[in-house]
Protein chains: 2
Amino acid sequence: MPGDEKEITIYDIANKLNISAATVSRALNDHPRVSKKTKKLVVKTAADMGYRSNSFASSLRTKNSNIIGLIVPRLNSNFMADAIAGIEKGLSNNHYNLIISQSLETMKKEINNANAMLVNRVDGLLVSLAYDTNNIDHFEPFIKRNIPVIFFDRVFEHDKCPQIYIDNFKAAYEITTHLIKQGCKRIVHITANQLRKVYAERYEGYKKALEDNNIWFDQDLVIINDLSSTAGIASAEQILRMTMLPDGVFSANDNCAISCMQTLKKQGIQIPADIAFAGFNNDPSACVIEPNLTTVNYKGYEMGEVAAKLMIDQLINKNELRHAHSLVLRSEMIVRDSSLRIK
Amino acid sequence: MPGDEKEITIYDIANKLNISAATVSRALNDHPRVSKKTKKLVVKTAADMGYRSNSFASSLRTKNSNIIGLIVPRLNSNFMADAIAGIEKGLSNNHYNLIISQSLETMKKEINNANAMLVNRVDGLLVSLAYDTNNIDHFEPFIKRNIPVIFFDRVFEHDKCPQIYIDNFKAAYEITTHLIKQGCKRIVHITANQLRKVYAERYEGYKKALEDNNIWFDQDLVIINDLSSTAGIASAEQILRMTMLPDGVFSANDNCAISCMQTLKKQGIQIPADIAFAGFNNDPSACVIEPNLTTVNYKGYEMGEVAAKLMIDQLINKNELRHAHSLVLRSEMIVRDSSLRIK
DNA sequence: TTGTATGCGTTATCAG
DNA sequence: CTGATAACGCATACAA
């Protein structure tokens with residue numbers, strides 16, 4: 001029966017070659033003080049014998065797992081899938097492995113995930129926070145142990161944890177200003193839970209743009225939901241019920257913007273003539289909807305790569321004073337037909 | 001300085017409580033032959049002392065990592081993101097962790113990934129194959145060690161490896177037949193590398209549907225590319241150069257179908273009147289493109305859940321005769337306006 | 001129900 | 001450059 005054969009260990013290799021296990025270990029780890037000849041011989045014999053290093057034993061000794069943990073709200077969004085792809089690339093290039101879990105937007109599961117990561121002894125943790133996370137005590141055990149915790153996108157302020165994000169305030173300010181320049185005076189803003197800094201900052205950017213253009217901020221024009229497709233439909237219905245229709249909509253994500261647009265279009269609303277639209281994220285569908293959606297390009301892949309790079313840096317420079325230097329990535333407004341009244 | 005404090009072990013707990021480490025170990029693992037009282041005391045003390053189990057030591061003893069490996073071509077596609085979300089849910093419910101990597105569609109990287117998984121001692125492996133993988137020798141080390149290897153979506157025939165997929169032949173047959181019923185007689189098929197069974201079978205389904213409806217199969221109507229958006233544009237250009245335009249297009253994925261449609265629309269082609277369209281996958285954008293795209297609904301999330309479930313079954317029933325029972329999941333054609341000529 | 005003793009496979013220390 | 005030896009922290013066989 002297969003699977004019952006004994007696994008080869010460095011002792012087996014040592015016996016076969018009449019050298020010590022210590023030398024075998026050193027040879028396999030490319031230790032400088034082993035002769036080229038021995039190294040070559042050991043590596044070859046190991047391969048021949050079907051040896052595979054036992055990472056459990058190795059990790060037990062070295063106290064390193066070479067595994068990075070990742071906790072995200074959802075794995076299946078365009079942005080997150082891109083981010084993970086970028087992270088995986090960055091880590092695997094440095095021979096780190098990635099273990100992933102999703103909080104499904106609840107702090108409760110996020111705490112469970114964090115504990116699992118702790119037990120799995122990840123060497124570092126990358127986190128994008130759940131919808132309702134209001135404190136990060138569950139990451140303290142990592143911080144206490146000097147295990148780097150890095151937040152990206154959905155970040156949290158902590159002087160030991162670097163953050164990677166884009167300037168959401170600025171991006172929202174720009175895109176709102178753009179709508180105003182296109183003649184919009186009553187702009188609806190669709191956003192989510194203000195606990196998440198990304199949404200709070202976009203909201204602030206929206207408000208500031210109104211203010212700077214002498215447009216009265218009207219709380220009734222702000223719709224707060226979960227930015228899902230379903231929420232987009234509901235938002236459209238809410239808009240249609242307004243006594244005075246808005247002439248612009250800035251949604252905090254594309255997903256919601258698109259389903260909102262579709263619903264309004266079905267009711268005969270002309271876009272951008274009646275209502276100009278802007279989203280956020282530059283999802284693939286933004287180039288499919290008609291008219292194409294003006295949005296903020298915000299590439300997850302790059303953010304993932306950067307997060308991985310920062311993590312590697314932290315792990316390599318373990319002894320250096322680790323100040324939480326944060327990174328603000330570029331984002332850019334992409335103007336498409338959904339907001340272009342003046343051509 | 002933080003991080004320098006010694007980690008608590010079961011010995012520390014044992015000392016504190018004046019019991020043996022063995023009892024602590026048993027108590028923490030909820031072993032039946034430990035008194036309720038001791039268990040409770042141990043668990044509480046462990047928590048108070050900030051103990052975390054050392055998975056390295058534990059794994060070294062038990063030879064189980066409680067980690068499942070996942071190798072996929074790309075992490076960032078709608079289908080794969082959904083599948084991974086389903087897998088993660090299924091595994092985490094059973095206290096398994098998930099370690100992921102992407103082959104970026106090359107067999108070379110897939111082999112590297114497999115080796116990394118081997119060294120990481122995953123308890124099982126879930127695989128969706130790269131574009132050009134033409135043999136699976138790199139998974140033999142797992143099979144030899146009785147580590148379950150399960151293929152999903154992009155599968156490979158092996159009598160020890162269960163497969164999870166949909167009936168691609170049937171789905172393609174149905175959707176092609178649908179196009180024919182809508183009056184199409186010259187149907188282009190856009191597909192990918194025939195090494196991958198999914199595409200080969202969709203191709204076969206297409207051919208069989210033509211045959212059964214007495215439509216001559218024309219090799220010139222078959223376009224083989226990588227099904228990317230870029231490839232969709234190129235396909236449209238190729239179609240426009242055809243001396244006689246086709247009256248239908250069946251693309252092996254939505255992504256390519258959509259960019260192809262967009263390009264043709266820009267050239268004034270009416271859809272579905274001039275050319276009827278059908279895709280595969282039911283990506284979110286299929287409901288955004290105008291007209292909405294007829295496609296095959298093929299939910300990744302469910303496939304992921306099923307893959308996780310099958311893996312758990314294999315791991316639990318370790319001793320049972322493990323015959324590679326494969327699973328064929330449901331898929332369904334969704335008819336939308338892109339193919340509806342007869343209303 | 002609890003304790004004792006041992007080994008899992010590696011790496012680091014020390015000695016040569 | 002190489003060898004002997006001692007941990008790393010846990011789980012289990014066996015003994016009590």
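Bear in mind that the values here come from a model prediction, so they are computed numbers and not experimental data. Every chain is numbered from 1 and lettered A, B, ... according to where its sequence line falls, protein lines coming before strand lines.
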Sort out for me which residue in B:T45, B:T23, B:T38 forms a side chain to side chain contact (heavy atoms under 4.5 Å, CB included) with B:L17.
B:T45
Report yes or no: is the cationic atom of B:K197 (NZ for Lys, CZ for Arg) closer than 6.0 Å to the six-membered ring centre of B:Y165, at no more than 45° off its axis?
yes
Residues from residues 24-42 of chain A sitting under 4.0 Å of DNA chain C, heavy atoms only?
A:S25, A:R26, A:N29
Around A:K309, counting heavy atoms of other residues, nucleotides and ligands shown, do more than 12 lie under 6.0 Å from its NZ?
no
Integer-rounded Å distance: D:dC10 C1' and B:N66 CG
14 Å
Partner set under salt bridge (charged side-chain N to carboxylate O under 4.0 Å, His left out) for B:E88, not counting sequence neighbours
A:K109
Straight-line distance of A:H138 NE2 to A:N135 CG, nearest 0.5 Å
7.0 Å
Under 3.5 Å, side chain of A:N15 to main-chain N/O of A:D12, donor-acceptor pair present?
no
For chain A and DNA chain C, what are the first and last nucleotides along the strand, 5' to 3', with at least one atom under 4.0 angstrom from a heavy atom of the protein chain?
C:dG9 to C:dT13
Overall bend of the helix from C:dT1-D:dA16 to C:dG16-D:dC1 (five pairs an end, 10° steps) is 30°
First of A:Y11 and B:T9 reached from the 5' end of DNA chain D, by closest nucleotide:
A:Y11
Would you be so kind as to tabulate the donor-acceptor pairs closer than 3.5 Å made by side chains of residues 67-77 of chain A, with sequence neighbours excluded?
from  : atom 1 : to    : atom 2 : distance (Å)
A:N76 : ND2    : B:D82 : OD1    : 2.9
A:S77 : OG     : A:M80 : N      : 3.1

Does A:K16 have more than 12 heavy atoms from other residues, nucleotides or ligands lying within 6.0 Å of its NZ?
no
Could you check how far CG of B:N64 sits from C1' of D:dT12, rounded to whole Å?
14 Å
Might you work through the salt bridge (charged side-chain N to carboxylate O under 4.0 Å, His left out) test for A:R154 and A:E105, ending with a clear yes or no?
CA-CA 11 Å; A:R154 306 254 206 105; A:E105 298 284 12; 2.9 Å; yes
Return the set of residues passing salt bridge (charged side-chain N to carboxylate O under 4.0 Å, His left out) with B:K299 (not counting sequence neighbours), or none when no residue passes.
none
Distance check needed: D:dA6 P versus A:R61 CZ, whole Å only.
13 Å
From the list A:K39, A:K40, A:K36, salt bridge (Lys or Arg N to Asp or Glu O under 4.0 Å) with A:D30 holds only for A:K39
Judged by nearest nucleotide, the residue sitting upstream toward the 5' end of DNA chain C, B:T23 or B:K63, is B:T23
